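These numbers come from a predicted model, not from an experiment. Below, chain A is the first sequence line, B the second, and so on; all start at residue 1.
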2 protein chains.
Amino acid sequence: MSYEQALTALADPTRRAVFERLRAGPQPVGELARHLPISRPAVSQHLKVLKDAGLVSDRAEGTRRIYHIDPHGLGALRRWLDQFWETALDAFAAEAERTSDKP
Amino acid sequence: MSYEQALTALADPTRRAVFERLRAGPQPVGELARHLPISRPAVSQHLKVLKDAGLVSDRAEGTRRIYHIDPHGLGALRRWLDQFWETALDAFAAEAERTSDKP
DNA sequence: CTTGTTCGTAAGACATGGCTTACGGTAAGC
DNA sequence: GCTTACCGTAAGCCATGTCTTACGAACAAG
């Protein structure tokens, strides 16, 4: 939901691995855990954090829960980053002009 | 430099506070610490992490070191995010089409 | 109804990371 | 040269977070 949760969620390397694996398409928990060096409950805990951050969503399919990437959290992070990006560029341009001070 | 370092750097709330304070313009370490609820050495440590991530740079000015935002690290993070953003949108569109399956 | 899968949650051990105090180094001012 | 101001680093304490094992719930199959 908020960009802060998205940042803390994506800070963990294992959680990024889970997240990037979902790029290949929606997958159940067990499928994700099978290709990762951690246990299945650990994957569940990571998915909970990602879900709270609005980065993933899940749908039930029998006894399995299929997780997929949710653009919502990614959008919040992107907006914050873009807003930051502009002011950073402006400051950088102003600094460049200040350094080469030859009117 | 890498997007991974930028993510872990921006995950910490205090470090975000330092970073966002630099948005107002280049500032020395003491000035940053004066407006934050932590000690000056703590600010130095945070600045080191931000610098290693390519998010800030510093220049010496007498005995003071002026820190400013560096677009380099921000750009790396932005590229990674954008690349992720596209595939997420594509998957979302495909999913929407799959759900409303009425040919 | 019983069995087997798949999953989430709880509890505990363990490592990681952030903060403080203490110290040394460098530059400016008198 | 001496003092003062500003900063980075080291050591240690403490909180946070991550992982594992153990357990219980929900659904499908037979």
(request) Using a strict 4.0 Å threshold on nitrogen-to-oxygen distance, state whether B/R34 and B/E31 make a salt bridge. (result) yes
(message) Can you confirm whether B/K51 sits close enough to B/H46 that some side-chain heavy atom of one is under 4.5 Å from a side-chain heavy atom of the other?
(response) no
(request) Could you check if a side-chain atom of B/T14 sits within less than 4.5 angstrom of a side-chain atom of B/F19, using non-hydrogen atoms only? (result) no
(request) Rounded to the nearest angstrom, tell me the gap between atom CZ in B/R64 and atom C1' in D/dC7. (result) 12 Å
(request) May I ask whether B/V49 and B/Y67 are part of the same hydrophobic cluster, defined by side-chain heavy atoms of I, L, V, M, F, W, Y residues being less than 4.5 angstrom apart, directly or through others? (result) no
(request) Would you verify whether the NZ or CZ of A/R79 falls within 45 degrees of the ring axis of A/Y3 while also being under 6.0 Å from that six-membered ring's centre? (result) no
(message) I'd like to check B/R16 versus A/E4 (side-chain heavy atoms, cut-off strictly below 4.5 Å). Are they in contact?
(response) yes
(request) Tell me which nucleotide among C/dC7, D/dC7, C/dA11 gets nearest to the side chain of B/P28. (result) D/dC7
(request) Could you pick out which residue, A/H46 or A/G62, lies toward the 5' side of DNA chain D when each is mapped onto its nearest nucleotide? (result) A/H46
(request) Please list residues of residues 32-41 of chain B whose heavy atoms come under 4.0 Å from any atom in DNA chain D, ordered by number; otherwise none. (result) B/R40, B/P41
(request) Taking the side chain as every heavy atom from C-beta outward, state whether B/R78 and A/R78 have any pair of such atoms under 4.5 Å apart. (result) no
(request) When you get a sec, tell me which of C/dT9, D/dG8, C/dG8 is the closest nucleotide to the side chain of A/K48? (result) C/dT9
(request) Please determine if a side-chain N or O atom of A/Y67 lies less than 4.0 Å away from the OP1 or OP2 oxygen of C/dT6. (result) no
(message) Of the options D/dG8, D/dA5, C/dT20, whose atoms approach the side-chain atoms of B/S44 most closely?
(response) D/dG8
(request) Return yes if some donor-acceptor pair links the side-chain N/O of B/R15 with the main-chain N/O of B/A9 below 3.5 Å, else return no. (result) yes
(request) Rounded to the nearest angstrom, tell me the gap between atom CG in A/D58 and atom P in D/dA26. (result) 16 Å
(request) Figure out the CD1/C1' separation between B/I66 and C/dA27, and round it to whole Å. (result) 14 Å
(request) Please list residues of residues 11-20 of chain A whose heavy atoms come under 4.0 Å from any atom in DNA chain D, ordered by number; otherwise none. (result) A/D12, A/T14, A/R15
(request) Please confirm whether any donor atom in the side chain of A/E61 sits under 3.5 Å from an acceptor in the base of C/dT6, or the reverse. (result) no
(request) Rounded off to whole Å, could you give me the CD-to-P distance for the B/Q45 and C/dT16 pair? (result) 18 Å
(message) Measure CZ/A/R59 against P/C/dT6 and give the value in whole Å, please.
(response) 17 Å
(message) Would you say B/I66 ends up clustered with B/L32 if hydrophobic residues are merged whenever their side chains have heavy atoms under 4.5 Å apart, either directly or through other cluster members?
(response) no
(message) Taking atom types as they are modelled, would you say the side chain of A/E31 forms a donor-acceptor pair with the base of C/dT6 within the 3.5 Å cutoff?
(response) no
